[in-house]
**Student:** 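For reference, the structure I am asking about is given below.
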Amino acid sequence: MKKVIDLASWNRREHFAFFSRCDEPFHGIVANIDCDAAYHYCKQTKTSFFLLYLHRILQAINDTKAMRYRIEDGQVVEYARIHANATISRADNTFGFCPIQFHEDFSVFSTDANSAMVKVKNDTGLCFTDECKRNDAIHFSAMPWINFTGITHARRHDGMDSVPKISAGKCHLQDGKMQLPVASFVHHGLVDAYHIHQFLSRLQQGMNDIPEA
């Protein structure tokens, strides 16, 4: 479900027009998220840390209005709910694209995500289906081998791409607490640094909001 933004009255109309003319309208920010409580909870309860932080990322995306904007046919639209198109690694070190639906309930989200990931892990090639082309998603990748401080992405430069790319790196110990590097790569016509601050703040809240083990 989506609604079209009235560009004539939108307070970002000049920002949108300005950055849409850029050869590269995307900008990126990397920040560490304190994941200590979530990391230890997952270790104690044998919960997938990957699925827990992906769920919290999607919660934060959906709670940040600017991260739900997309450009379609020259118009800006706002989606009501955003899901994930994730890269899932296989035993042979290839990966496949895996659409993962967001659910507020983590147990429902986890069950559905596991089923989707098993299919990709047991398949070959990119698994790039029509569902992977949906705009009501983020492009998500996890790189648990690398404690990165910067990242770029392969993407189209024909003005058709406006989907945020979110990546998570290697969980690492820093100042006595586990930290997770999270990178955002977003269209500047839709999302400013302040909106990334909103997203990261909401994500941090979600990572702190962990049930008792």
Side-chain angles (χ1 to χ4, degrees), residues 1-2 26 28-31 33 35 38 42 47-72 77-90 94-123 125-144 148 151 153-156 161-171 180-187 190-191 195-196 198-200 202-207 209:
M1 189 174 175
K2 64 185 177 183
F26 275 63
I29 294 175
V30 179
I33 295 296
C35 63
C42 290
T47 300
S48 167
F49 181 56
F50 167 75
L51 287 181
L52 183 65
Y53 72 65
L54 176 56
H55 181 260
R56 297 305 195 265
I57 285 171
L58 285 172
Q59 276 186 328
I61 288 287
N62 278 285
D63 287 345
T64 308
K65 187 176 183 178
M67 299 293 267
R68 292 187 276 112
Y69 289 145
R70 300 293 184 271
I71 303 169
E72 297 180 355
V77 300
E78 178 191 341
Y79 278 97
R81 174 157 291 197
I82 301 297
H83 308 282
N85 182 23
T87 55
I88 301 299
S89 299
R90 302 189 181 100
T94 65
F95 70 86
F97 293 112
C98 181
I100 295 177
Q101 301 297 304
F102 175 64
H103 299 278
E104 292 283 353
D105 188 314
F106 176 70
S107 62
V108 176
F109 171 81
S110 181
T111 298
D112 286 359
N114 273 313
S115 296
M117 291 191 300
V118 166
K119 292 178 182 178
V120 172
K121 289 180 178 180
N122 291 331
D123 208 336
L126 285 175
C127 301
F128 190 71
T129 64
D130 286 342
E131 192 173 2
C132 297
K133 301 175 185 177
R134 290 170 53 170
N135 279 336
D136 59 341
I138 58 169
H139 296 160
F140 181 80
S141 56
M143 289 163 275
F148 58 69
I151 186 173
H153 291 272
R155 69 176 203 86
R156 296 171 61 176
D161 185 13
S162 62
V163 175
K165 290 94 174 70
I166 308 295
S167 302
K170 182 180 181 179
C171 189
L180 183 71
V182 175
S184 57
F185 194 60
V186 295
H187 194 295
L190 306 176
V191 183
H195 305 119
I196 298 301
Q198 289 181 312
F199 159 64
L200 292 173
R202 180 65 186 90
L203 173 57
Q204 186 62 74
Q205 291 173 7
M207 293 297 273
D209 185 19

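For this chain, numbers begin at 1 and follow the sequence in order.
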**Student:** Please enumerate all residues that pass side-chain contact (heavy atoms from CB on, under 4.5 Å) together with Asp105, with sequence neighbours excluded.
**Tutor:** Ser107, Val108

**Student:** So that I can tick it off, tell me whether Arg156 and Asp161 are bridged by a salt bridge, with the cut-off set at under 4.0 angstrom between side-chain N and carboxylate O.
**Tutor:** no

**Student:** Is any side-chain heavy atom of His187 less than 4.5 Å from a side-chain heavy atom of Ile71?
**Tutor:** yes

**Student:** Could I get the full list of ring-ring contact (aromatic ring centres under 6.0 Å, His included) partners for Phe148, not counting sequence neighbours?
**Tutor:** none

**Student:** Using every non-hydrogen atom in the two residues, find where Arg70 and Ala137 come nearest and quote the distance to one decimal.
**Tutor:** NH2-O, 2.7 Å

**Student:** When the ring planes of Phe26 and Phe185 are compared, do they come out parallel, tilted or perpendicular, using 30° and 60° as the limits?
**Tutor:** tilted

**Student:** Starting at CD of Gln59, measure out to CZ of Arg202 and round the result to the nearest 0.5 Å.
**Tutor:** 5.5 Å

**Student:** Mind checking whether Leu51 and Phe106 have side chains closer than 4.5 Å, heavy atoms only?
**Tutor:** yes

**Student:** Test of understanding: with side-chain contact (heavy atoms from CB on, under 4.5 Å), list the residues that count as partners of Ala116, not counting sequence neighbours.
**Tutor:** Cys98

**Student:** Do Ser167 and Ser141 have side-chain atoms, one donor and one acceptor, less than 3.5 Å apart?
**Tutor:** yes

**Student:** Do His139 and Lys165 have a side chain donor and acceptor closer than 3.5 Å?
**Tutor:** yes

**Student:** Can you confirm whether Phe109 sits close enough to Leu54 that some side-chain heavy atom of one is under 4.5 Å from a side-chain heavy atom of the other?
**Tutor:** yes

**Student:** Distance check, rounded to the nearest 0.5 Å: Thr94 atom OG1 versus Ile88 atom CD1?
**Tutor:** 11.5 Å

**Student:** Minimum heavy-atom separation for Ala66 to His195, with atom names?
**Tutor:** CB-CG, 3.6 Å

**Student:** If I take atom CD from residue Gln198 and atom OG1 from residue Thr64, how far apart are they, to the nearest 0.5 angstrom?
**Tutor:** 6.0 Å

**Student:** Less than 3.5 Å apart, which donor and acceptor atoms pair up between the side chains of residues 77-85 and the rest of the protein, not counting sequence neighbours?
**Tutor:**
residue	atom	partner	partner atom	Å
Glu78	OE2	Arg68	NH1	2.9
Tyr79	OH	Glu72	OE2	2.5
His83	ND1	Gln101	OE1	3.4
His83	ND1	Phe102	N	2.9
Asn85	ND2	Cys132	O	3.3

**Student:** Could you report the tightest heavy-atom contact between Arg90 and Gly96, atom names first, then the distance?
**Tutor:** NH2-CA, 3.6 Å

**Student:** If we ignore hydrogens and angles and just use 3.5 Å, is the side chain of Asp123 paired with the main-chain N or O of Lys119 as donor and acceptor?
**Tutor:** no

**Student:** Is Arg56 close to Leu52 at the side-chain level, that is, under 4.5 Å between some pair of heavy atoms?
**Tutor:** yes

**Student:** Please name all residues satisfying ring-ring contact (aromatic ring centres under 6.0 Å, His included) with Phe95, sequence neighbours left out, ordered by chain then number.
**Tutor:** Phe97

**Student:** To the nearest 0.5 Å, how far apart are CD1 in Ile57 and CD1 in Ile166?
**Tutor:** 7.0 Å

**Student:** List for me each residue that meets ring-ring contact (aromatic ring centres under 6.0 Å, His included) alongside Tyr53, sequence neighbours excluded, and say none if there are none.
**Tutor:** Phe49, Phe50

